[in-house]
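A note on names: the letters A, B, ... follow the listed sequences, proteins ahead of strands, and every chain is numbered from 1.
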Protein chains: 2
Amino acid sequence: MKPVTLKQIAEQLNISVTTVSKALKDYPDISNKTKGLVKELAKTLNYKPNSFAVNLRNKESKTIGLIIPEIVHHFFSNVIKGIVEQAEKKGFLVIILQSNESYELEKKQLDLLLSQRVDGILISLANGTADFKHLNEVIDQDKPIVMFDKIAKIVKCSKVIIDDRKAAYAATQHLIDIGCKRIAHFRGPLLPQNSIDRFLGYKKALLDNNLPYDPSLVYICDCGDTSFEDGKNTAKQLLEDHDDVDGIFINTDLVAIGAISEFNKLGVKIPEDISIVGFSNWFMSSVISPTLSTIDQPGYLMGKTAFKQLYKEIKKVKKDEPIIPKIIELNTKLIKRESTNLVLKN
Amino acid sequence: MKPVTLKQIAEQLNISVTTVSKALKDYPDISNKTKGLVKELAKTLNYKPNSFAVNLRNKESKTIGLIIPEIVHHFFSNVIKGIVEQAEKKGFLVIILQSNESYELEKKQLDLLLSQRVDGILISLANGTADFKHLNEVIDQDKPIVMFDKIAKIVKCSKVIIDDRKAAYAATQHLIDIGCKRIAHFRGPLLPQNSIDRFLGYKKALLDNNLPYDPSLVYICDCGDTSFEDGKNTAKQLLEDHDDVDGIFINTDLVAIGAISEFNKLGVKIPEDISIVGFSNWFMSSVISPTLSTIDQPGYLMGKTAFKQLYKEIKKVKKDEPIIPKIIELNTKLIKRESTNLVLKN
DNA sequence: ATTTAAAACGAAAACGATTTCGGTATGTAA
DNA sequence: TTACATACCGAAATCGTTTTCGTTTTAAAT
């Protein structure tokens, strides 16, 4: 019924708790005979060390915390998978928390994880996070923390990201290459770094190609729960505002899919009238009609990489060595599909 | 640097550890003055109770384990979200593990969670799980465990499910209602209960409507990583095998989407030539062309409900009361879309 | 038989919080 | 003055492991 303890094993064998503990951990000062007896009894009693006691002694939990803005999300769920799998390989368990894009929740959750004495933290910031005290607190406690995807450049910790600016540049350049002259941008919220960087990449591509940058062609989408609706609405708005746009670079596939949906409904031909490039390479993008050109964003790899970095830092801290923050940039890839499948315009 | 302990607070205030502990927990035998002092210092020192020590004393971790076959999955990620949100509300943390549809992994992970001394376990079984010893072990230890979606009827624990048979029946009946006479079924693997039940619902609907049941019209799809491809291949195979099929009830939306994709490519008209109903109501189903009729499966609610049930059982166990296993059935809904949008055939 | 080294085991202190059970004060009533 | 509450506080045991530092036992050497 109640879990077996070392003490019970010791009593049954008429030896001390110390000996039992040592036998199970193969200490050299225990005879093979005793080891055999102990291990056998431990197995038949189905002994499992009490992790609370072990953690208390060893001051480590073999557990990490993960804070993510949204679980139901193609990219993030891939990240989660990468983290969880890699963690298990190294004997770590993952506590998952969802910030719901809320700064307040994020703060509370970080605190929760600290109370829980996790060995390290992986976090992708909420859109609303503009203040970083809560993150710096973690760092001040020498608790390893690695940020991924949605990061704050200013915080001094390791980060795993993609080069959003470069990727956005490539996406926009692709639109230009197929002949687009008036390219709009559906960007994400104002705060998150990747949303900023994607916008900057878009802008730079325009300027480098001697195309005018027109702020009225830049629309803001929430990219949250309402992404799809956002895409539809923004697409409609765009048509009302401008009749000469021939290409759009969109911050997120889901928004892009909303836009495509709306354009399909309104009879706007893609890619003939308007060509579109999305971002993230959601599975859906390869299925929708027309299939969506996009930037492939390696979620699974990002999760895996983030955990690996965190793991290194956890080991460092255990050896009382200083953590040297590292910025790891993962490669993205432009995926050309039907939504930009066009011979040159004009 | 190192986390603050009760002892440090006690020393700074020249009082005992006992008093500090009691003050923080508002024991009546501590003066308000002392309480004030202690609480203030605790706050300025940013004291957080060491969860290992607390757990060790209290024999509870305020943590539950979640084992799920696949994280990157529309339905399951909704379940996860429901669980995580509800758990946090009740002050519980969730450790997430992915079995990858592997019985061996599932067994190992259950053991891990038991070692970790989680207060309860939520699990959706791997397809490969046909032996239930590992689950019964948990129950024998009086550790609450609630199964959801992919369950084993024979295991004596609470379960949160949908009535797969009824839902499948409704889906098939819908195909019949719009005039389909030769209805195929792409079923899931042989083992999981829901895959079996959906098949049975399909079969019963045929017989109840005096349509012959033809085993050669039932195809098995993996419904794993390769769902989409599976759908495409099976669709192609179906066309080769039978030229008279006019409707398909498909075990999973993703497989259905693969099938639609293939039919679109091959020029088979949906719903005119073949009508299709899927299962789960993945977001994608409302976006694909034609939009897919399907069964709405309440993932978020299922997660929420499963946690609530687990929570009740955890409280029961704490009060040394017996657990009475409960089976909770959630409602599904037939969603009619373009893939069955047809005036009667013939 | 005595010494010495090696092998095998255990006592006890930690880890940090909780809680029971007493022990001082202080004040009030007899 | 004594008796008795009441209000406050603390010592110590406990949870289950780990690990240090002895201690005992055994075997080998003198």
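- Judged purely by distance below 3.5 Å, without hydrogens or angles, the side chains of A:N127 and A:K150 pair a donor atom with an acceptor atom.
- Here A:T34 reaches the OP1 or OP2 of C:dC9: one of its side-chain N or O atoms lies under 4.0 Å away.
- Side chains of B:Y47 and B:L6 form a contact here, defined as non-hydrogen atoms less than 4.5 Å apart.
- Going from atom CD1 of B:I145 over to atom CG of B:L122 covers 8.5 Å, rounded to the nearest 0.5 Å.
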Under 4.0 Å protein heavy-atom contacts per nucleotide of nucleotides 16-22 of chain D, with B for base, S for backbone only and - for none: BBBBBB-
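- To the nearest angstrom, C1' of D:dT25 lies 14 Å from CD1 of A:I30.
- Spacing between atom CG of B:N32 and atom P of D:dC9 amounts to 10 Å, rounded to whole angstrom units.
- Here the CE-CG distance, from B:M147 to B:L135, works out to 6.5 Å after rounding to the nearest 0.5 Å.
- Per the geometry, CG belonging to A:L37 stands 14 Å off C1' belonging to C:dC9, to the nearest Å.
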Criterion side chain to side chain donor-acceptor pair (under 3.5 Å) on A:S61 and A:Q116, from CA distance to verdict: CA-CA 9 Å; A:S61 61; A:Q116 186 72 11; over 6 Å; no
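- With hydrogens and angles left out, the side-chain atoms of A:T18 and A:S21 include no donor and acceptor closer than 3.5 Å.
- The nearest whole Å value for the distance from the CG atom in A:D26 to the P atom in C:dC9 is 13 Å.
- For the pair B:K62 NZ and C:dT18 P, the computed distance is 13 Å after rounding to whole Å.
- In this structure, the helix from C:dT2-D:dA29 to C:dA30-D:dT1 shows an angle of 70° between the axis at its start and the axis at its end, each fitted on 5 base pairs and rounded to 10°.
- Atom CG of B:L114 sits about 8.0 Å away from atom CG of A:N46, to the nearest 0.5 Å.
- Proximity of B:T19 to the phosphate of D:dC8: no side-chain N or O atom is located under 4.0 Å from OP1 or OP2.
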I'd like a table of donor-acceptor pairs (distance under 3.5 Å, sequence neighbours excluded) in which one partner is a side-chain atom from residues 75-89 of chain A, with atom names and distances.
from	atom 1	to	atom 2	distance (Å)
A:S77	OG	A:H73	O	3.0
A:S77	OG	A:H74	O	3.2
A:N78	ND2	A:H74	O	3.0
A:K81	NZ	B:E70	OE2	3.1
A:E85	OE1	A:Y300	OH	2.5
A:E85	OE2	B:Q98	NE2	3.0
A:E85	OE2	B:N100	ND2	3.3
A:E88	OE1	B:Q109	NE2	3.0
A:E88	OE2	B:Q109	NE2	3.2

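- With rounding to whole Å, A:I15 atom CD1 is found 16 Å from D:dT25 atom C1'.
- Taking every heavy atom of both residues into account, B:S124 and B:D149 meet most closely at OG-CB, 3.9 Å.
- Between A:K2 atom NZ and D:dC15 atom C1' the separation is 14 Å, expressed in whole Å.
- Atom CG of A:N14 and atom C1' of C:dG10 are 13 Å apart (whole Å).
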